[in-house]
Number of protein chains: 2
Amino acid sequence: MHIKRPEKTSPECIPNLLALRDSLELLGGKWKLLIVLHISCRPKELQHFKKLEKEITGISAKMLAKELKTLEENKIVTRTIQNTRPVTVTYALTAYGESLIPIARDLQQWGLNHRKIIKEK
Amino acid sequence: MHIKRPEKTSPECIPNLLALRDSLELLGGKWKLLIVLHISCRPKELQHFKKLEKEITGISAKMLAKELKTLEENKIVTRTIQNTRPVTVTYALTAYGESLIPIARDLQQWGLNHRKIIKEK
DNA sequence: CTGCATCCCCCATGATACTG
DNA sequence: CAGTATCATGGGGGATGCAG
């Protein structure tokens, strides 16, 4: 794949890296993009907390709650309390949150390819 | 062909999320994508260790060395020892490493936009 | 069931000193 | 200058209990 690279040092190049820092600060952990893609996988189903916890192998309930809270504060998911007994909570991607799907899929694809690259060593 | 499976079993969506885990495990930290974009910013210049350390605000030499080592092991950067006195070391993106640039740029762009979104709160 | 508080442990990271 | 080894430490994250 040929990537076009800038001919000269762009003045805005370095400063704008701050934006990448912002992204990485929010999304750079192990879980958030994984959660986003998990929710997006089954758009038609209600994404119960418990179901997410079971499906995302290795995450603890505490972590999941914390990550979902952060995602909610950043307008990426919505949190809905269902009127069941006992209470359940469902999560969904916002329209804005869906803007992360292409990025997550690119990373997913990259990871798929990377596994091959590394195995060829 | 597509085989219909009973009940809630998803298509290949969930299993493939393992690839996203791989990517996040390697790239999910605070620094690696930032380093990649830093190096890509000035393709014509030699990327000395010391220069990277100064430009990437907040990173310690120890961290930078560790991250660069991991990137090298994953074929994303090359490490070149220069015959100077005292010895200096330069880093460059591999052709493969350049495949991360579009992803990093997307994240950067997303971060730029996200700052606006959140401020509108 | 969901999510928070508390306790606690361990690892990632910083600081420092040292080698090549 | 680049990188490693050692030591100290703060906070991330697990386990548990409890409240709503």
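To find a chain, count down the sequence lines: A is the first, B the second, and so on, and within it residues start at 1.
- A:Arg79 has no side-chain polar atom (N or O) that falls below the 4.0 Å cut-off from OP1 or OP2 of C:dT2.
- Protein atom CG of B:Leu52 is 14 Å distant from nucleotide atom P of D:dC1, rounded to whole Å.
- By the 4.5 Å heavy-atom criterion applied to side chains, B:Arg21 and A:Thr57 are counted as neighbours.
- Rounded to whole Å, atom P of D:dC1 lies 17 Å from atom CG of B:Asn83.
- Toward the 5′ end of DNA chain C lies the nearest nucleotide of A:Thr88, the other residue of the pair B:Trp31 and A:Thr88 mapping further downstream.
- Remark: A:Lys69 is in phosphate contact with C:dC4, judged by side-chain N or O atoms under 4.0 Å from OP1 or OP2.
- An OP1 or OP2 oxygen of D:dG3 is reached within less than 4.0 angstrom by no side-chain nitrogen or oxygen of B:Lys66.
- Base contact: A:Lys62 has a heavy atom under 4.0 Å from a base atom.
- Per the geometry, NZ belonging to A:Lys30 stands 13 Å off C1' belonging to C:dA12, to the nearest Å.
- At least one side-chain nitrogen or oxygen of A:Tyr91 sits closer than 4.0 Å to the OP1 or OP2 atom of C:dG3.
- In this structure, A:Ile81 places its CD1 atom 19 Å from P of D:dA19, rounding to the nearest Å.
- Rounded to an integer number of Å, the gap from CD of B:Glu25 to P of C:dA12 is 11 Å.
- Checking A:Val87 against A:Ser60, the closest nucleotide of DNA chain D that is more toward the 5' end is the one next to A:Ser60.
- Atom CD1 of B:Ile59 is separated from atom C1' of C:dA15 by 16 Å (rounded to the nearest Å).
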query = Would B:Arg79 and B:Glu73 satisfy salt bridge (charged side-chain N to carboxylate O under 4.0 Å, His left out), going step by step from the backbone distance to the final call?
reply = CA-CA 10 Å; B:Arg79 179 176 182 274; B:Glu73 286 165 357; over 6 Å; no
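- Using a 4.0 Å cut-off between charged nitrogen and carboxylate oxygen, B:Lys50 and B:Glu55 do not count as a salt-bridge pair.
- Between B:His48 and B:Tyr91, the ring center distance fails the sub-6.0 Å criterion.
- Protein atom CD of A:Glu53 is 11 Å distant from nucleotide atom P of D:dA15, rounded to whole Å.
- Note: CD (B:Glu67) to C1' (D:dA2) measures 16 Å, nearest angstrom.
- The B:Met63 side chain lies nearest to C:dT13 when the options are C:dG3, D:dA2, C:dT13.
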